[in-house]
Participant: 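Okay, here's the structure, questions in a sec.
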Amino acid sequence: MSETPPDISHDQHAVRRQKLAELRATGHDPFRASFTPTHFSGDALKLHVDGQDNAVTVAVAGRLVTIRDMGKSQFVKILDQHGQIQLYIKKDVVGEEAYAAFKKLDLGDFIGARGTLFKTKTGEVTVRVEANGVTLVTKALRPLPEKWHGLADPEQVYRQRYLDLIVNTESRARLMLRPKIVSHIRHLLEARQFIEVETPMLQNVAGGAAARPFTTRHNALGTDFLLRISLELYLKRMLVGGYDRVFEIGRNFRNEGISRKHNPEFTMLEVYQAYSDYRGMMALVRDLLQSLVREVIRPADGSLKIKHAASGEDIEFGGAWREVSYKELIHAATGDADWFVRSKAEKIAGAEKLGLGVDPKWEEFEITNEIFSKQIEPTLIQPTFVTHLPKELCPLAKLTLEDPTTIDVFELVIGGMEVAPAYSEQNDPDAQRAMFEAQAGGDQQSIDHDFLLALEHGMPPAGGMGIGIDRLCILLTGAESIRDVILFPQLRPGGAKAEG
RNA sequence: GGCUCUCUAGCUCAAUGGUAGAGCAGUUGACUCUUAAUCAAUUGGUUUCGGGUUCGAGUCCCGAGGGAGCCA
């Protein structure tokens with residue numbers, strides 16, 4: 001027994017495991033302890049009345065994130081769903097043995113604490129822990145990242161998001177905002193008598209958008225399915241079925257690149273309203289976004305302005321929003337009022353004059369749209385309804401009566417990003433079939449014949465709109481990347497740092 | 001998929017091709033109102049991995065892997 005134990009003081013994992021072993025040896029299993037808090041931290045803090053210290057007793061629980069040890073007393077902070085609350089532990093209050101046990105706690109441990117609320121000299125409402133007031137409810141066997149700089153390595157932030165949420169206050173605030181945004185959207189739509197539905201993610205034909213789908217296999221049916229790339233065609237079946245106002249908030253999957261604006265799985269809101277049209281959708285989306293800024297984001301100055309991270313410009317959500325046709329924007333960008341009657345060769349020359357590389361194999365509308373997406377869209381920082389896109393860009397909308405080369409749609413652009421497209425929905429089954437066939441180019445398999453059958457049964461005239469929830473959250477939270485508003489963004493597998 | 005950048009202690013970061021360091025965290029001690037608490041001492045490294053050049057490589061070269069940005 002004369003052997004000196006090996007020095008493990010450098011190995012925080014080993015030190016914590018040893019503490020766990022000691023606790024168990026003395027009959028305290030920190031994974032079997034129970035504690036029932038009476039309040040979340042934020043609610044508890046509100047209970048303190050100025051000038052009435054120690055009048056209210058609360059029980060709070062959370063993760064130990066700060067320890068300030070002053071010998072015979074300590075200030076510590078715990079973190080729960082609401083945020084942090086400070087605890088004050090005095091040796092002469094809790095007793096020698098309990099105080100010694102408390103000193104063995106580590107940052108990251110989950111504890112429960114019971115005590116009375118008081119205000120410290122510096123004005124922070126704090127729980128004065130009472131005798132037998134502390135319970136260790138879970139031992140953390142791994143150390144937390146550094147307290148001041150937090151977790152900065154982007155890879156670890158995404159792979160171990162839980163650590164990011166514990167130590168990076170801004171990440172936590174931003175990600176907590178997202179459920180509030182989604183909830184607010186739901187409530188607003190429900191208040192307007194929209195019905196929320198759930199439609200299939202496993203589909204035979206991935207329709208409603210142009211994107212490469214993921215494929216998966218159903219064993220019992222012995223058949224492949226595609227993961228949906230859009231919600232559109234099933235929600236329209238609901239219009240056929242007599243649901244006049246429907247929406248769905250759900251995951252779409254697109255088997256394409258990953259970037260600051262793209263995650264392979266992302267969340268869409270789609271809304272369909274019978275007897276409305278794209279102009280009705282304009283009012284709806286503006287109401288929705290203004291309400292979100294007013295009620296959820298609540299800019300401090302009482303305005304409806306949000307800072308745009310990429311440009312530094314303030315985005316003004318209040319008031320009426322700019323409305324401009326696609327053709328007007330193209331005319332202005334090219335300086336050519338006759339752009340749309342120019343030959344393909346002239347369009348190629350025009351695009352190249354703007355510094356854009358174009359593939360001669362492209363269709364004319366693709367050349368024009370390259371100008372829109374590269375030269376125009378990124379400059380539209382303030383909310384802008386771009387209306388009447390060329391009909392080739394979407395086969396699911398009604399043609400404009402006065403100009404059958406365009407469709408009755410808008411694309412809402414904010415912060416240089418497409419946020420919400422909306423259409424007067426095509427409900428003529430023959431026109432719809434013709435558009436599908438033209439687009440499929442003989443590939444009958446890519447046509448959703450079941451949807452066309454539904455249309456033949458009759459779909460009421462309707463306006464429809466989609467909002468990319470992730471992009472909306474980027475805008476509303478001032479984030480720089482889609483990865484900052486998705487809890488667990490897609491990364492290459494297996495890269496997590498190996499831990500002993 | 002292409003180009004550029006990046007990977008060093010648990011975390012945040014240093015280190016002309018020449019002995020791998022600091023702060024926080026950890027460990028030991030002091031301190032009964034702290035706010036990145038303070039003070040003293042102290043442990044801790046296969047520098048992402050595999051090759052190469054060199055008397056000598058964290059640093060230069062090649063390859064692999066992860067991540068970031070731009071492009072497609």
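The sequence lines fix the lettering, A, B, ..., with proteins before strands; numbering per chain opens at 1. Model, not experiment: these values are computed from the prediction.
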Participant: Using the salt bridge (charged side-chain N to carboxylate O under 4.0 Å, His left out) criterion, which residues pair with A:Glu370? Sequence neighbours excluded.
Facilitator: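 By the salt bridge (charged side-chain N to carboxylate O under 4.0 Å, His left out) rule, A:Glu370 matches A:Lys374.
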Participant: Write down the distance between CG (A:Leu163) and P (B:U12), rounded to a whole number of angstrom.
Facilitator: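 A:Leu163 atom CG is separated from B:U12 atom P by 10 Å.
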Participant: What's the CD-P distance between A:Gln74 and B:U35, to the nearest Å?
Facilitator: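 Rounded to whole Å, this separation is 15 Å.
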Participant: Given atom CD of A:Glu155 and atom C1' of B:G65, what is their separation to the nearest angstrom?
Facilitator: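 A:Glu155 atom CD is separated from B:G65 atom C1' by 10 Å.
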Participant: Quantified in whole Å, what is the C1' atom distance between nucleotide B:A14 and nucleotide B:U53?
Facilitator: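 It comes out at 27 Å once rounded to the nearest Å.
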Participant: Below 3.5 Å between N/O atoms, which protein atoms pair up with nucleotides 28-34 of chain B? Just atom names and distances, please.
Facilitator:
from: B:C31; atom 1: N3; to: A:Asp69; atom 2: O; distance (Å): 3.4
from: B:C31; atom 1: N3; to: A:Gly71; atom 2: N; distance (Å): 3.3
from: B:C31; atom 1: N4; to: A:Gly71; atom 2: N; distance (Å): 3.2
from: B:U32; atom 1: O4'; to: A:Ser73; atom 2: OG; distance (Å): 3.2
from: B:U32; atom 1: N3; to: A:Asp92; atom 2: OD2; distance (Å): 3.1
from: B:U32; atom 1: O4; to: A:Asp92; atom 2: OD2; distance (Å): 3.0
from: B:C33; atom 1: O2'; to: A:Lys121; atom 2: NZ; distance (Å): 2.9
from: B:C33; atom 1: O2; to: A:Lys121; atom 2: N; distance (Å): 2.9
from: B:U34; atom 1: O2; to: A:Arg68; atom 2: NH1; distance (Å): 3.2
from: B:U34; atom 1: O2; to: A:Gln86; atom 2: OE1; distance (Å): 3.2
from: B:U34; atom 1: N3; to: A:Gln86; atom 2: OE1; distance (Å): 3.0
from: B:U34; atom 1: N3; to: A:Gln86; atom 2: NE2; distance (Å): 3.1
from: B:U34; atom 1: O4; to: A:Gln86; atom 2: NE2; distance (Å): 2.9
from: B:U34; atom 1: O4; to: A:Thr120; atom 2: OG1; distance (Å): 3.0

Participant: Would you find a donor on one side and an acceptor on the other, under 3.5 Å apart, between the side chain of A:Arg174 and the backbone of A:Ala479?
Facilitator: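 Looks like no, no N/O pair under 3.5 Å.
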Participant: Which residues pass the side-chain contact (heavy atoms from CB on, under 4.5 Å) test with A:Thr267, sequence neighbours left out?
Facilitator: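 Checked A:Thr267 against side-chain contact (heavy atoms from CB on, under 4.5 Å); matches are A:Arg178, A:Ile249, A:Arg251, A:Ile469, A:Asp470.
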Participant: Base, sugar-phosphate alone, or nothing: which one does A:Gly257 contact when heavy atoms must sit under 4.0 Å apart?
Facilitator: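 If one applies the 4.0 Å heavy-atom cut-off, A:Gly257 turns out to touch nothing in the nucleic acid.
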Participant: Take the protein atom CG of A:Asp484 and the nucleotide atom P of B:A68, then report the distance between them rounded to whole Å.
Facilitator: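 These atoms are roughly 11 Å apart.
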Participant: Counting only side-chain N and O atoms of A:Arg159, is one of them less than 4.0 Å from OP1 or OP2 of B:G67?
Facilitator: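 Answer is yes, contact under 4.0 Å.
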Participant: Given atom CD1 of A:Ile258 and atom P of B:G66, what is their separation to the nearest angstrom?
Facilitator: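 Atom CD1 in A:Ile258 sits about 12 Å away from atom P in B:G66.
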Participant: Paired stems touching RNA chain B, three or more consecutive Watson-Crick or G-U pairs with both distances under 3.5 Å?
Facilitator: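 Runs of three or more consecutive pairs: B:1-7 with B:65-71, B:10-13 with B:21-24, B:26-30 with B:38-42, B:48-52 with B:60-64.
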Participant: Does A:Arg260 put a side-chain nitrogen or oxygen below 4.0 Å from OP1 or OP2 of B:C70?
Facilitator: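 Yes, such a contact exists.
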Participant: Just to be sure I understand the geometry, which residues of residues 355-365 of chain A put a non-hydrogen atom under 4.0 Å away from RNA chain B?
Facilitator: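 The stretch gives none, as no residue of it lies under 4.0 Å from the strand.
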Participant: Which sits closer to the 5' end of RNA chain B, A:Leu491 or A:Glu370, going by the nucleotide each is nearest to?
Facilitator: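 Residue closer to the 5' terminus by nearest nucleotide: A:Leu491.
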Participant: Can you tell me the distance, in whole Å, between the CG atom of A:Asp153 and the C1' atom of B:G10?
Facilitator: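 Rounded to the whole Å, the gap is 13 Å.
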Participant: What one-letter contact string describes nucleotides 20-27 of chain B from 5' to 3', where B marks a base within less than 4.0 Å of any protein heavy atom, S marks contact via sugar-phosphate atoms alone, and - marks no contact?
Facilitator: ---BBBBS
Participant: Please give, in whole Å, the distance from B:U8 P to A:Gln156 CD?
Facilitator: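 In whole Å, B:U8 P lies 10 Å from A:Gln156 CD.
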